[in-house]
Amino acid sequence: MESRPLLVVDGANVVGSRPDGWWRDRAGAAARLRDALAPLAETGVPPVLPPPVEVVLVVEGAARNVPAVPGVAVVSAPGSGDDTIVELVAAAPGRRRAVVTADRELRARVGALGAEVYGPRRLPR
(Lines give C-alpha, C1' and ligand atoms only; values in the text may rest on other atoms or scores of the structure.)
Protein backbone atom coordinates (compact mmCIF):
# COMPACT_ATOMS: atom_id res chain seq x y z
CA MET A 1 0.00 0.00 0.00
CA GLU A 2 1.20 3.51 -0.85
CA SER A 3 2.29 5.44 2.25
CA ARG A 4 2.66 8.92 0.75
CA PRO A 5 -0.29 11.26 1.21
CA LEU A 6 -2.29 11.78 -1.97
CA LEU A 7 -2.87 15.40 -2.96
CA VAL A 8 -5.52 15.82 -5.66
CA VAL A 9 -5.87 19.30 -7.17
CA ASP A 10 -9.06 20.44 -8.93
CA GLY A 11 -7.27 22.14 -11.83
CA ALA A 12 -10.22 24.02 -13.32
CA ASN A 13 -11.35 25.32 -9.95
CA VAL A 14 -7.91 26.37 -8.74
CA VAL A 15 -7.00 28.03 -12.06
CA GLY A 16 -10.35 29.83 -12.03
CA SER A 17 -9.72 31.18 -8.53
CA ARG A 18 -6.89 33.42 -9.78
CA PRO A 19 -7.89 36.35 -11.98
CA ASP A 20 -4.72 36.29 -14.07
CA GLY A 21 -6.20 36.03 -17.56
CA TRP A 22 -6.48 32.23 -17.46
CA TRP A 23 -9.58 32.35 -19.68
CA ARG A 24 -7.46 33.43 -22.66
CA ASP A 25 -5.29 30.31 -22.45
CA ARG A 26 -6.78 27.56 -20.29
CA ALA A 27 -4.15 24.98 -21.22
CA GLY A 28 -1.34 27.43 -20.48
CA ALA A 29 -2.89 28.30 -17.13
CA ALA A 30 -3.17 24.61 -16.24
CA ALA A 31 0.48 24.06 -17.25
CA ARG A 32 1.57 26.97 -15.03
CA LEU A 33 -0.38 25.47 -12.12
CA ARG A 34 1.16 22.05 -12.80
CA ASP A 35 4.64 23.59 -12.73
CA ALA A 36 3.90 25.40 -9.46
CA LEU A 37 2.73 22.10 -7.94
CA ALA A 38 5.85 20.11 -8.89
CA PRO A 39 7.95 21.08 -5.85
CA LEU A 40 5.18 19.88 -3.51
CA ALA A 41 6.07 16.25 -4.20
CA GLU A 42 9.27 16.81 -2.21
CA THR A 43 8.33 19.69 0.10
CA GLY A 44 4.77 18.69 0.98
CA VAL A 45 2.24 21.36 1.87
CA PRO A 46 3.37 22.90 5.15
CA PRO A 47 2.01 22.60 7.73
CA VAL A 48 -0.76 20.20 6.67
CA LEU A 49 0.93 17.53 4.50
CA PRO A 50 4.47 16.40 5.24
CA PRO A 51 6.66 15.23 2.38
CA PRO A 52 6.87 13.20 0.30
CA VAL A 53 3.46 13.70 -1.36
CA GLU A 54 1.93 12.16 -4.47
CA VAL A 55 0.55 15.12 -6.43
CA VAL A 56 -2.25 14.63 -8.97
CA LEU A 57 -3.66 17.48 -11.05
CA VAL A 58 -7.08 16.79 -12.58
CA VAL A 59 -7.71 18.73 -15.80
CA GLU A 60 -10.67 18.93 -18.15
CA GLY A 61 -11.90 20.73 -21.24
CA ALA A 62 -9.32 22.87 -23.06
CA ALA A 63 -6.63 21.80 -20.59
CA ARG A 64 -7.17 18.10 -21.23
CA ASN A 65 -3.88 17.66 -23.14
CA VAL A 66 -1.57 19.14 -20.51
CA PRO A 67 1.13 16.51 -19.92
CA ALA A 68 2.53 15.29 -16.62
CA VAL A 69 5.92 16.44 -15.35
CA PRO A 70 8.21 14.90 -12.76
CA GLY A 71 6.45 15.26 -9.42
CA VAL A 72 2.96 15.84 -10.83
CA ALA A 73 0.70 13.26 -12.43
CA VAL A 74 -1.93 14.81 -14.68
CA VAL A 75 -5.26 13.06 -15.06
CA SER A 76 -7.47 14.20 -17.93
CA ALA A 77 -11.10 13.88 -16.90
CA PRO A 78 -13.12 12.14 -19.61
CA GLY A 79 -16.18 14.07 -18.45
CA SER A 80 -16.69 15.89 -15.17
CA GLY A 81 -13.49 16.80 -13.36
CA ASP A 82 -15.39 16.57 -10.08
CA ASP A 83 -16.44 12.98 -10.78
CA THR A 84 -12.85 12.07 -11.65
CA ILE A 85 -11.60 13.58 -8.40
CA VAL A 86 -14.19 11.64 -6.40
CA GLU A 87 -13.11 8.44 -8.20
CA LEU A 88 -9.44 9.07 -7.36
CA VAL A 89 -10.25 9.67 -3.70
CA ALA A 90 -12.53 6.61 -3.52
CA ALA A 91 -9.81 4.43 -5.10
CA ALA A 92 -7.38 5.09 -2.22
CA PRO A 93 -9.41 4.30 0.93
CA GLY A 94 -6.52 3.27 3.20
CA ARG A 95 -4.45 6.33 2.47
CA ARG A 96 -4.33 9.91 3.66
CA ARG A 97 -6.02 11.96 0.92
CA ALA A 98 -6.28 15.71 0.50
CA VAL A 99 -8.20 17.62 -2.17
CA VAL A 100 -7.65 21.25 -3.11
CA THR A 101 -10.80 22.95 -4.40
CA ALA A 102 -13.18 25.76 -3.57
CA ASP A 103 -16.16 23.91 -5.06
CA ARG A 104 -18.64 23.37 -2.20
CA GLU A 105 -20.35 20.35 -3.69
CA LEU A 106 -17.03 18.64 -4.42
CA ARG A 107 -15.79 19.48 -0.92
CA ALA A 108 -18.83 17.68 0.51
CA ARG A 109 -18.46 14.66 -1.79
CA VAL A 110 -14.78 14.00 -1.04
CA GLY A 111 -15.20 14.92 2.61
CA ALA A 112 -17.83 12.18 2.91
CA LEU A 113 -15.15 9.75 1.68
CA GLY A 114 -12.77 10.85 4.44
CA ALA A 115 -10.56 13.22 2.43
CA GLU A 116 -9.20 16.41 3.89
CA VAL A 117 -10.20 19.47 1.89
CA TYR A 118 -8.24 22.69 1.45
CA GLY A 119 -8.93 25.87 -0.50
CA PRO A 120 -6.81 27.11 -3.41
CA ARG A 121 -4.94 29.56 -1.17
CA ARG A 122 -3.18 26.60 0.44
CA LEU A 123 -1.15 26.16 -2.77
CA PRO A 124 1.84 28.20 -3.93
CA ARG A 125 1.08 30.99 -6.39
Side-chain angles (χ1 to χ4, degrees):
M1 175 163 55
E2 177 69 60
S3 62
R4 294 178 297 167
L6 173 64
L7 176 65
V8 182
V9 179
D10 180 353
N13 185 268
V14 172
V15 164
S17 72
R18 300 176 181 170
D20 61 1
W22 60 266
W23 51 89
R24 291 187 293 266
D25 180 11
R26 293 171 194 256
R32 287 188 298 278
L33 172 59
R34 177 206 57 205
D35 295 347
L37 295 173
L40 300 182
E42 292 185 21
T43 65
V45 183
V48 295
L49 287 177
V53 176
E54 180 182 358
V55 180
V56 177
L57 173 64
V58 175
V59 295
E60 58 187 293
R64 194 169 272 131
N65 293 322
V66 171
V69 295
V72 181
V74 177
V75 174
S76 296
S80 162
D82 290 2
D83 290 346
T84 299
I85 291 166
V86 170
E87 291 169 9
L88 289 168
V89 168
R95 195 169 170 196
R96 184 173 181 193
R97 299 151 301 164
V99 175
V100 177
T101 186
D103 182 302
R104 289 182 187 172
E105 181 181 333
L106 179 58
R107 292 170 75 91
R109 290 174 68 190
V110 296
L113 294 171
E116 302 165 33
V117 183
Y118 300 101
R121 290 185 183 194
R122 180 64 67 181
L123 297 176
R125 291 195 172 261

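Note that this is a predicted model, so its numbers are computed, not measured. Residue numbers start at 1 and run along the sequence shown.
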**OP:** With sequence neighbours left out, write down each residue that passes salt bridge (Lys or Arg N to Asp or Glu O under 4.0 Å) with Asp35, or none if nothing qualifies.
**Re:** none
Original post:
Who are the salt bridge (Lys or Arg N to Asp or Glu O under 4.0 Å) partners of Arg96, not counting sequence neighbours?
Top reply: Glu116
Original post:
If you look only at pairs with a residue in residues 101-111, which of them pass as a side chain to side chain donor-acceptor pair (under 3.5 Å), with sequence neighbours excluded?
Top reply: Asp10-Thr101, Asn13-Thr101, Asp83-Arg109
Original post:
Do any pairs count as a side chain to side chain donor-acceptor pair (under 3.5 Å) and have a residue in residues 36-58, sequence neighbours left out, and if so which ones?
Top reply: Glu54-Arg95
Which heavy atom of [X] sits nearest to which heavy atom of [Y], and what is that distance?
X      : Y      : answer
Val74  : Pro67  : CG2-O, 3.5 Å
Leu49  : Ala98  : CD1-CB, 3.8 Å
Ala30  : Ala63  : CB-CB, 3.6 Å
Ala38  : Pro70  : CB-O, 3.9 Å
Gly119 : Val100 : O-CG1, 3.6 Å
Pro51  : Gly44  : CB-N, 3.7 Å

Subject >> Test item: Val15 and Arg26 side chains (from C-beta on) under 4.5 Å apart, heavy atoms >> reply: no
Subject >> Test item: Val14 and Leu57 side chains (from C-beta on) under 4.5 Å apart, heavy atoms >> reply: no
Return the set of residues passing side chain to side chain donor-acceptor pair (under 3.5 Å) with [X] (not counting sequence neighbours), or none when no residue passes.
X     : value
Arg4  : Glu2
Asp82 : none
Glu60 : none

Please determine whether residues [X] and [Y] belong to a single hydrophobic cluster, defined as Ile, Leu, Val, Met, Phe, Trp and Tyr linked transitively by side-chain heavy-atom distances below 4.5 Å.
X      : Y      : answer
Val72  : Val56  : no
Leu37  : Ile85  : no
Leu113 : Tyr118 : no
Leu6   : Val69  : no
Val9   : Val86  : no

Original post:
Taking only residues two or more places apart in sequence, or in another chain, which ones meet Ala115 in a side chain to side chain contact (heavy atoms under 4.5 Å, CB included)?
Top reply: Val89, Arg97, Val99, Val110
Subject >> Residues which pass side chain to side chain contact (heavy atoms under 4.5 Å, CB included) with Thr84, listed by chain and number, not counting sequence neighbours >> reply: Val58, Val75, Ala77, Pro78, Leu88
